[in-house]
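Note that the numbering runs from 1 along the sequence shown for the chain. Start at 1 and go down the list; that is how both ligands and their atoms are numbered. Heavy atoms only: backbone and side chains are in, while hydrogens, waters and symmetry mates are out.
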Amino acid sequence: MPIQLYYFQLRGRAQAIRYLLIDNGLEYEEINVGPEWATKWKAETPFGQCPMIKDGDLKLAQSCAILRYFGRKAGIDPSDLVSAARVDMINDHEEDIRNAYVKLIYQNYDAGKADFVKDAAAKVKFLEDLFKAGGNEFILSKISWADYNLFDLLDILCILSPGFLDQSPSLKAYYDRIAARPAIKAFRESDRNMKAVNGNGKQ
Ligand code: 0HH
């Protein structure tokens, strides 16, 4: 049985997982939990939330745990202590921005958008400086699980605020490099790439 990815029919928290799976040739099947989320799937998940994946006997929730798991499975998990710490640090910063984004989208879109974009730009500036100083093609010199999460975050920030990366040349080059990876490019140009970014029509 292939890997199964349980999520709503939207990009949301599953999109980075999709990028990782596709870019690393891991076949998977989408299970759209939307129609029966509350009645069938919610109680099936470890924490009452999705995304959830099944891989053989393993049932796993929490998007970053899923990314780490598939990163290890695909052999793109950083092997040394310092590299793994750098990847974790950048992913935690990414998650701070993403959690604020989710709050904006679902709770305060119209009133909060301008302040959110300003705050996210200040937080992303730290990443721009780190990428500029590091001089790596990815968070490290080779792609790792967290790059797919960061790429998706930059993508949704550019959708929210076109030109968001205009002041961040190193991150823009990084974003373009990942978008141009053949499997990711083909996926993003295909019908498989879901149009809905979030569950309430806001983006
Ligand atoms: N920390 C978790 C992670 O990273 C957060 C997961 C989470 O928030 O995996 N899951 C939400 C779905 S993402 C969840 O399970 C937000 C999209 C909501 C769209 C809902 C409506 C879609 C209709 C087509 N939420 C459901 C729940 O908590 O019951």
Side-chain angles (χ1 to χ4, degrees), residues 3-24 26 28-56 58-74 76-77 84 87-113 116 119-120 123-124 127 139 144-161 178 187-188 191-203:
I3 292 159
Q4 292 181 316
L5 173 59
Y6 294 76
Y7 199 62
F8 297 97
Q9 203 156 21
L10 52 98
R11 297 185 195 175
R13 283 254 164 209
Q15 190 73 355
I17 299 167
R18 295 182 181 116
Y19 290 144
L20 189 160
L21 291 169
I22 285 159
D23 200 36
N24 291 279
L26 295 172
Y28 71 98
E29 175 191 357
E30 291 265 359
I31 312 290
N32 174 15
V33 298
E36 294 173 302
W37 168 245
T39 52
K40 181 171 178 185
W41 296 117
K42 190 173 170 73
E44 275 255 346
T45 67
F47 304 127
Q49 288 196 310
C50 59
M52 172 179 82
I53 61 102
K54 286 189 192 168
D55 188 14
L58 175 70
K59 196 194 253 191
L60 195 63
Q62 287 292 1
S63 53
C64 295
I66 295 169
L67 286 166
R68 279 192 186 85
Y69 168 72
F70 286 130
R72 286 178 192 130
K73 187 168 173 131
I76 54 163
D77 193 39
V87 164
D88 282 343
M89 177 181 81
I90 290 182
N91 191 68
D92 282 0
H93 191 62
E94 183 280 340
E95 284 295 296
D96 285 353
I97 303 169
R98 185 182 290 271
N99 287 329
Y101 168 87
V102 170
K103 217 166 161 184
L104 170 80
I105 293 290
Y106 289 104
Q107 294 175 18
N108 194 26
Y109 189 83
D110 294 319
K113 184 173 167 180
F116 170 83
D119 190 50
K123 287 195 165 73
V124 164
L127 292 174
I139 295 174
S144 71
W145 60 269
D147 286 299
Y148 300 100
N149 210 23
L150 181 55
F151 170 68
D152 179 56
L153 176 78
L154 298 178
D155 194 45
I156 58 180
L157 292 177
C158 289
I159 293 171
L160 178 75
S161 175
I178 297 184
F187 169 71
R188 281 161 59 84
D191 292 343
R192 284 180 82 194
N193 194 25
M194 292 168 196
K195 294 216 171 6
V197 178
N198 297 299
N200 61 356
K202 299 197 191 311
Q203 61 180 45

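- In this structure, the protein non-hydrogen atom closest to atom 1 (N) of ligand 1 is Gln62 OE1, 2.7 Å.
- Contacts of Arg13 with ligand 1, taken as heavy-atom pairs under 4.0 Å, involve the side chain alone.
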Quiz item: Run the side-chain contact (heavy atoms from CB on, under 4.5 Å) check on Cys50 and Trp37 step by step: do they pass?
Solution: CA-CA 9 Å; Cys50 59; Trp37 168 245; 3.9 Å; yes

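- Only the side chain of Lys42 comes within 4.0 Å of ligand 1, counting heavy atoms alone; its backbone N, CA, C and O stay farther away.
- Nearest protein heavy-atom neighbour of atom 8 (O) of ligand 1: Gln49 NE2, 3.5 Å.
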Quiz item: Going through the distances and angles, do Tyr69 and Asp55 end up as a side chain to side chain donor-acceptor pair (under 3.5 Å)?
Solution: CA-CA 10 Å; Tyr69 168 72; Asp55 188 14; 2.6 Å; yes

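- Interface atoms of ligand 1 facing Ser63, defined by a heavy-atom separation under 4.0 Å, are 3 (C), 4 (O), 9 (O).
- Every heavy atom of Phe47 sits 4.0 Å or more from the atoms of ligand 1.
- For the atom pair CG (Asn193) and OH (Tyr19), the distance works out to 5.5 Å, reported to the nearest 0.5 Å.
- Other residues, nucleotides and ligands contribute more than 12 heavy atoms inside 6.0 Å of the NZ atom of Lys59.
- Annotation: atom 13 (S) of ligand 1 to nearest protein heavy atom, Tyr7 OH, 3.0 Å.
- By the 3.5 Å distance cut-off applied to N or O atoms, Tyr106 is not counted among the residues near ligand 1.
- Side chain to side chain, Asn24 and Tyr148 meet the donor-acceptor criterion of an N or O pair below 3.5 Å.
- In terms of protein heavy-atom proximity, atom 26 (C) of ligand 1 is nearest to Trp37 NE1, 3.4 Å.
- Contact detail for Asn149 and Cys64: the closest heavy-atom pair is ND2-SG, 3.9 Å.
- One finds the CD atom of Gln4 at 8.5 Å from the CE atom of Met52 (value rounded to the nearest 0.5 Å).
- Residue contacts with ligand 1: Pro51 is included, with a non-hydrogen atom under 4.0 Å away.
- Applying the side chain to side chain donor-acceptor pair (under 3.5 Å) test to Glu30 and every residue at least two apart in sequence or in another chain returns Arg18.
- For the pair Cys50 and ligand 1, a heavy-atom separation below 4.0 Å is found.
- For the salt bridge (Lys or Arg N to Asp or Glu O under 4.0 Å) test, residues two or more places apart in sequence or in another chain that qualify with Arg98 are Glu94, Glu95, Asp152.
- Near Gly48, the atoms of ligand 1 lying under 4.0 angstrom from a non-hydrogen atom of the residue are 27 (C), 28 (O), 29 (O).
- Protein heavy atom closest to atom 22 (C) of ligand 1, with residue, atom name and distance, is Phe8 CD2, 3.6 Å.
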